[in-house]
Amino acid sequence: MNLQAAEQLLQTTYGFDAFRGQQANAIDAVLSGRDALVLMPTGGGKSLCYQIPAQLRAGTGIVISPLIALMQDQVMALRELGINAAYLNSTLSMEEQRQVTQQFAAGQLQMLYVAPERLLQPKTLAYLSQQPISVIAVDEAHCVSQWGHDFRQDYLGLGVLKQHFPNTPLMALTATADQRTQTEIEQRLQLQDPVRLDASFDRPNLQYHVSVRQDARKQLIKFLARHKQEAGIVYCLSRKKVESTAEWLVSRGINALPYHAGLPAQLRQTHQQRFLREDDVVIVATVAFGMGIDKPDVRFVFHMDLPKSLEAYYQETGRAGRDGEPAEVHMVYGLQDVVRLNQMLNESQMEEQQKQVERHKLNALLGWCEITHCRRQGLLNYFEEQAPTFCGNCDVCISPPQTREATVEAQKFLSTVYRTGQRFGTAHIVDVLRGLDTEKIQQHQHKQLSTYAIGADVSASHWQSIARQLIVQGYLSNDFERYGALTLTDNSRALLRSEKDFHYREQLAEPAERKKKASRNGVSEQDRSLWEALRECRKQLANEHDLAPYMIFHDATLMQMMEERPETLDSLSFVHGVGASKLDKYGEAFLEVIGAHA
């Protein structure tokens, strides 16, 4: 079967002129009866890769998806296109499930979406085996890999698919998987000589920004001032933080809605539908929100906390700008995030080796946050894709950070890795450098090394940051199978011989919180001058317009101006009590006062 029929279907049913990227190759593989592993970035059009073959090959296409919301959205969209599709999940009544199974048995369904736990029930497998199956698509296939960033136990059993449907092409699809994860996907799903199709991970329309958390809410409100009346997602680590952040944004006049797994199902559904259908909704969510959300015009993603890995970060930010238009992604993070994530990891029921993998992924993300060169290049290199050294569309390229030369420190670290036999992780190397007397150091007689204690004058956190940056710059790698042991790379020799310099971004410490002495009106001594200047400005304007001062702005409004110090009319418009008319009349006067006290 050639691609001509697929191209005609693309134009007549979907209204697209031509296939994008690897879509044609993926479709051709399935039409030829071959298995395939398809890697495409979020928004790359993965769903067409199995939807079109399902309509052209005999039988019903089976799509395995981990999310009920995704099933429902895709089935609704397919029906709008005139494609007979259905899903089987826990939201259906017994009568509705019976109707779907009858349609399948009668050969009336072109596509059927099923959750992995439902599919693996013996009666479901037996039932599906009674009818011809055109293609089986495993969506979010990284969930099958214990090396992936979103491993799910239910996916482990999907290897039985090849036993029940040996002659049906099986397609595994994901947006995020390194080489190790790809290999495990192939093995777990028992793909037979699969066509492996890798699209570029680059999303050139996304502008990446990372900054240290100072006052996350102030940083968020300033960010949102650039995205007024636009749809976007704000991610938080905890449910409590989701709700408090959404409530706070609403109090600032922003159309914000919370979303997390602890909310009632109907409320979650309502909030999701509003986000999909309205133009200016800001969803504040845990990572429970977003996988499979097919809203093309999300203009921003803001992380209030550090995600758990670069894969997770890539997937979450990939929900912005799916229409190819410019979008901005910004993350604020603090060292407390690392402590919290490590604590969650230690309390989890994972096996120790899996915990080591997760710690490595977290460290890789932290190293990327501290990167000294193009952020896009670092991200793509993580996914083993070559990239230019300058993208011009990330914070590092736009405003290069201050660095210092630290070649000698890097050489000390690499030498210690080498002299300990490239068998140990970061923690032990740091202990050796700092001259600690641990049981492991005694056991391996590492006090005898020439590098023992040569870094005793440097803090452990400093050495850990050096290690992360050596990894992210390609001078060290982690050996997963040996519990995160550090090993030298081909680039290490040049650095050890001083043929290359190592430039280091100073560790981004948590900013010291300003100490505020309580005083009248809750105004600190540091803010007193600005507070009085704002009040004087209000008094002068009130006199000019023959008004009482409170008719210009209430004290609460001046207090928020003092706390948030907006720099533009747009950001000033987010201050509670500043409407369009007052912004036009008085905005410039108050901005001038704030600017004079910057």
Side-chain angles (χ1 to χ4, degrees), residues 39-44 140 142-143 145 147-151 174-178 181 200-213 216 219-220 223 232-238 241-242 283-293 298 300-322 327-338 340-342 344-345 357-371 373-385 387 391 393-396 468-469 471-472 478 508:
L39 278 87
M40 286 186 184
T42 303
E140 311 294 349
H142 57 270
C143 295
S145 169
W147 300 103
H149 70 285
D150 192 23
F151 169 66
T174 180
T176 46
D178 57 18
T181 302
S200 172
F201 283 94
D202 192 15
R203 295 287 305 281
N205 60 314
L206 297 188
Q207 186 174 100
Y208 296 97
H209 290 266
V210 178
S211 57
V212 174
R213 182 185 298 110
Q219 289 168 289
L220 174 60
F223 176 85
I233 305 171
V234 176
Y235 281 115
C236 301
L237 191 59
S238 70
K241 190 168 181 179
V242 163
I283 278 282
V284 185
T286 59
V287 294
F289 179 83
M291 189 185 290
I293 296 300
V298 175
F300 64 86
V301 169
F302 190 99
H303 280 84
M304 295 281 278
D305 302 292
L306 197 69
K308 62 181 182 178
S309 68
L310 265 172
E311 289 96 335
Y313 175 79
Y314 178 84
Q315 190 162 45
E316 288 155 23
T317 56
R319 288 151 195 165
R322 293 175 63 136
E328 186 177 4
V329 296
H330 194 119
M331 174 170 64
V332 296
Y333 78 103
L335 300 182
Q336 186 58 37
D337 293 344
V338 184
R340 190 184 308 121
L341 287 168
N342 272 315
M344 291 167 61
L345 190 59
V357 173
E358 295 301 321
R359 290 189 188 101
H360 164 73
K361 289 180 179 293
L362 179 57
N363 277 332
L365 173 60
L366 200 56
W368 182 78
C369 290
E370 300 168 347
I371 204 166
H373 59 277
C374 174
R375 204 172 287 286
R376 190 180 309 277
Q377 183 196 43
L379 184 63
L380 294 177
N381 285 350
Y382 179 81
F383 291 111
E384 300 166 352
E385 180 178 337
C391 75
N393 199 30
C394 72
D395 56 339
V396 179
R468 287 193 295 267
Q469 293 188 48
I471 292 170
V472 83
N478 278 95
L508 300 174

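In what follows, residues are counted from 1 in the order of the sequence shown. In what follows, every heavy atom counts, from backbone to side chain, and hydrogens, waters and symmetry copies are set aside.
Of the inter-residue distances, the one linking I371 atom CD1 with N381 atom CG reads 8.0 Å to the nearest 0.5 angstrom. Between atom CD1 of residue I233 and atom CD1 of residue I283 there is a gap of 8.0 Å, rounded to the nearest 0.5 Å. If you take CD on Q469 and CG on L366, they are separated by 9.0 Å, rounding to the nearest 0.5 Å. If you take CZ on F201 and CG on L379, they are separated by 9.5 Å, rounding to the nearest 0.5 Å. The structure places OG of S309 at 9.5 Å from CG of L306, a figure rounded to the nearest 0.5 Å.
Judged as a side-chain hydrogen bond (donor to acceptor under 3.5 Å, both in side chains), and not counting sequence neighbours, the contacts of R375 are D395. Here I471 pairs with L476, N478, L486 under the side-chain contact (heavy atoms from CB on, under 4.5 Å) rule; sequence neighbours left out. In this view, H303 and Y235, V301, P307, Y313, E316, T317, M331 satisfy the side-chain contact (heavy atoms from CB on, under 4.5 Å) rule, not counting sequence neighbours. In this structure, the side-chain hydrogen bond (donor to acceptor under 3.5 Å, both in side chains) partners of E385, at least two apart in sequence or on a different chain, are S200. Judged as a ring pair (Phe, Tyr, Trp, His ring centres under 6.0 Å), and not counting sequence neighbours, the contacts of H330 are H209, F223, F302. Residues satisfying the ring pair (Phe, Tyr, Trp, His ring centres under 6.0 Å) criterion with Y208, sequence neighbours excluded, are absent altogether. When the side-chain hydrogen bond (donor to acceptor under 3.5 Å, both in side chains) test is applied to Q377, the partners found at least two apart in sequence or on another chain are H373. Residues satisfying the side-chain contact (heavy atoms from CB on, under 4.5 Å) criterion with A364, sequence neighbours excluded, are Y382. For D202, the salt bridge (Lys or Arg N to Asp or Glu O under 4.0 Å) partners are R376, not counting sequence neighbours. Every residue meeting the side-chain hydrogen bond (donor to acceptor under 3.5 Å, both in side chains) condition with N393, not counting sequence neighbours, appears here in chain and number order: Q207.
Considering only heavy atoms from C-beta on, L220 stays 4.5 Å or farther from V332 through its side chain. Counting heavy atoms from C-beta on, the side chains of C394 and C374 come closer than 4.5 Å. Side-chain contact between D305 and C236: present, with at least one pair of heavy atoms (C-beta onward) separated by less than 4.5 Å.
The backbone N or O of L345 sits nowhere less than 3.5 Å from a side-chain atom of R359 that would complete a donor-acceptor pair. Without hydrogens or angle criteria, R319 side chain to V298 main chain gives no donor-acceptor distance under 3.5 Å. Checking side-chain atoms of R213 against main-chain N and O of D337 turns up no donor-acceptor pair under 3.5 Å. The backbone N or O of V212 lies less than 3.5 Å from a partner atom in the side chain of Q219, making a donor-acceptor pair.
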Audit row: Y333, V210, side-chain contact (heavy atoms from CB on, under 4.5 Å) steps and yes/no
CA-CA 8 Å; Y333 78 103; V210 178; 3.7 Å; yes
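Scanning all heavy atoms of the two residues, the minimum distance from L380 to A387 falls at CD1-CB, 3.5 Å. In plain terms, the two heavy atoms of M304 and A216 that are nearest each other are CE-CB, 3.9 Å. Residue A320 comes nearest to L206 through the heavy atom pair O-CD2, 3.4 Å, listed as atom of the first residue, atom of the second, then distance.
A salt bridge is defined here as a Lys NZ or Arg NE, NH1 or NH2 lying under 4.0 Å from an Asp or Glu carboxylate O, and K361 with E311 meets this definition.
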